[in-house]
Amino acid sequence: MAAKSSKRNQILILIFSSALVALALYLFDHFFGVRMEKGAPHADVWKIPAVILWALLAYLGVRLLNAALFDFAFRVRRGYEAPTLVRNIFTLVVFTALFVVIFKSFYEEVNLGALFTTSAIFGVIIGLALQDTLGNFFSGISLHADRPFQTGDVIVVGQQKHTGVVEGITWRAIKIRTFQNHVVLVSNSNAAKEAIEVCPRDNLNARIVFFGTLYTDSPAKTIHVVREAVRDADNVSSKITPIVRIRNLAESSIDWEIKYWLEDYAKYNDTDALVRQRIWYALRRSGLTFAYPTRTIQLERKVAPKPVTADEQIADRLSAVDIFSPLSTEELQKLAAATVGHVFAPGETLIRAGDEGSSMFVVHNGRVQVQVTENGRPRPVAVLSEGDFFGEMALFTGEPRTANVLAIEETEVLEIGHVAMKHLFETNPDLAESISWTIAERRASLAAGSQQLAQASIEESAGLLSSIKRFFGLR
Ligand code: CMP
């Protein structure tokens with residue numbers, strides 16, 4: 001209402017001003033008309049006030065015509081306000097034409113065209129100075145010619161994605177009111193270079209809102225419930241039914257989107273929020289559940305590994321050792337539990353000749369070499385592999401180690417101590433005898449290959465047995 005009455009006042013002022021200027025013209029002509037006549041002294045100078053008054057009258061007339069055309073005729077026919085730029089161009093063109101006519105009628109001899117066209121420098125200066133302004137001006141004209149949007153439309157423009165309602169297009173810029181109620185001016189020349197997303201005011205523009213439900217919820221039920229909840233929400237168009245569809249089967253949710261059409265796109269923020277609210281209540285009433293990130297974690301308990309292998313494997317290995325073959329399964333398991341595993345790298349020394357020793361070893365994996373030192377050089381005596389044992393001589397006799405034992409390759413051995421062997425001897429009296437034989441044979445072999453000495457060593461085994469029994473406190 002206020003805008004209408006101010007327009008009316010404007011027109012009244014224009015009419016009144018035009019009447020005043022017309023009166024001034026009449027009076028000027030009445031009193032000074034003679035002085036402007038051809039041949040009168042200084043006639044050209046006297047014409048200047050007349051030209052100015054006529055130009056003023058022409059300007060007021062053009063403004064009146066502008067108001068009549070655009071404020072009334074255009075509005076009534078098109079239903080919206082005429083763009084400011086178009087109105088200004090109209091005023092400029094008509095006024096310039098009228099001014100030329102007025103000027104020519106007073107100064108017939110002056111060639112106006114030559115005045116502008118002969119001055120090239122003038123043209124260049126004007127061109128450079130108005131480069132940006134003219135760019136904006138012509139971009140503005142082309143925007144109006146294309147009519148890609150009009151006042152009231154929502155547009156997204158520029159690299160910064162300025163979004164808002166178009167308030168107007170001036171000589172220089174497009175004026176947008178953002179949803180934070182700020183005014184953004186995008187210059188016409190920039191707007192002409194950028195992509196502009198237009199959501200026309202009289203168009204059914206769509207929006208998409210996302211949500212997620214649990215995998216246990218029925219998709220068909222979700223579609224029905226959500227669609228019905230949203231379709232009658234405020235500003236959601238009733239002309240097109242909202243579409244609810246699955247957009248992804250995600251890690252911990254069924255991801256949905258709802259597409260709906262708005263009556264007034266400029267209010268899409270409020271409507272999006274309302275749609276989300278409607279969905280929340282609808283899901284709650286229907287026993288459907290929003291998804292939240294979930295992850296199933298299966299914990300694997302790690303049992304601390306025995307240094308080398310499990311007890312069963314060790315018992316298996318020991319049962320393959322010839323001196324332990326008479327042992328029962330239970331005895332083997334007890335012995336296995338009493339062993340300690342060690343791993344040696346190739347070339348490492350497991351036993352050094354001359355050292356004290358109170359345990360023996362079974363080769364679990366790999367190979368070792370037994371060697372004695374003669375004249376400062378190592379002499380290999382034997383190679384022992386899986387299931388063989390060594391170190392028994394010092395363990396059962398209490399004497400120092402008789403030879404060096406080195407790993408040929410990566411080797412795992414099982415160490416059996418004095419206490420474990422003592423338990424075995426108590427329940428297996430024959431064990432001491434079979435070990436005494438092995439020791440006797442090995443001693444013989446150590447005795448530099450001499451057959452006689454070897455024979456003597458074997459015969460010695462009877463004496464060896466009694467010393468083992470004594471050492472272990474056996475009867
Ligand atoms: P011990 O003397 O305790 O330490 C060195 C080990 O080498 C010894 O026990 C035997 O087990 C082993 N050994 C010595 N001579 C031989 C041989 N001729 N054959 C196999 N093994 C041997």
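When a ligand or atom number is given, it counts from 1 through the structure's own listing order.
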Please determine whether a side-chain nitrogen of the Lys or Arg among D232 and R278 lies less than 4.0 Å from a carboxylate oxygen of the Asp or Glu. yes
With a 3.5 Å distance limit and no angle check, can you tell me whether K221 reaches the backbone of S286 through a side-chain donor-acceptor pair? yes
For ligand 1, the portion of V381 having any non-hydrogen atom under 4.0 Å away: side chain
Does ligand 1 come near enough to L384 that some N or O of the ligand is less than 3.5 Å from an N or O of the residue? no
Atom 8 (C) of ligand 1 [closest protein heavy-atom partner, distance rounded to 0.1 Å]: T402 OG1, 3.6 Å
Considering only protein heavy atoms, which is closest to atom 4 (O) of ligand 1, and at what distance to one decimal place? R401 CD, 3.4 Å
Can you tell me how far apart OG (S358) and CE (M421) are? Round to the nearest 0.5 Å. 13.0 Å
Using the ring of F290 (Phe, Tyr or Trp, six-membered ring only), decide whether R276 places NZ or CZ under 6.0 Å from its centre and within 45 degrees of its axis. no
Side chain or backbone, does I351 bring an N or O within less than 3.5 Å of an N or O on ligand 1? no
Are E228 and R231 close enough for a salt bridge, meaning some N to O gap below 4.0 Å? yes
Element-labelled atoms of ligand 1 that are located less than 4.0 Å from some non-hydrogen atom of A403: 5 (C)
Tell me, which protein residue and heavy-atom name are nearest atom 12 (C) of ligand 1, and how many Å apart are they? V370 CG1, 4.0 Å
Nearest neighbour in protein (non-hydrogen) for atom 20 (C) of ligand 1: R442 NE, 3.3 Å
Under 4.0 Å between a side-chain nitrogen and a carboxylate oxygen: does that hold for E356 and R401? no
Quick check, are the ring centers of Y268 and Y260 under 6.0 angstrom apart? no
Under a 4.0 angstrom heavy-atom cut-off, which atoms of ligand 1 come close to S445? 18 (N)
Using a 4.0 Å heavy-atom cut-off, which part of A382 comes near ligand 1: side chain, backbone, both, or neither? side chain
May I ask you to decide whether E197 forms a salt bridge with K161, counting only side-chain N to carboxylate O separations under 4.0 Å? no
Look at atom 6 (C) of ligand 1 and say which protein heavy atom is nearest, naming residue and atom and giving the distance to 0.1 Å. G391 N, 3.8 Å
Would you say the rings of F90 and F70 are close, in the sense that their centroids are separated by under 6.0 Å? yes
Hey, which atoms in ligand 1 end up nearer than 4.0 Å to a heavy atom of F390? 11 (O)
So is G357 in contact with ligand 1, going by heavy-atom distances below 4.0 Å? no
Where is the nearest protein heavy atom to atom 11 (O) of ligand 1: which residue, which atom, and how far? E392 OE1, 2.6 Å
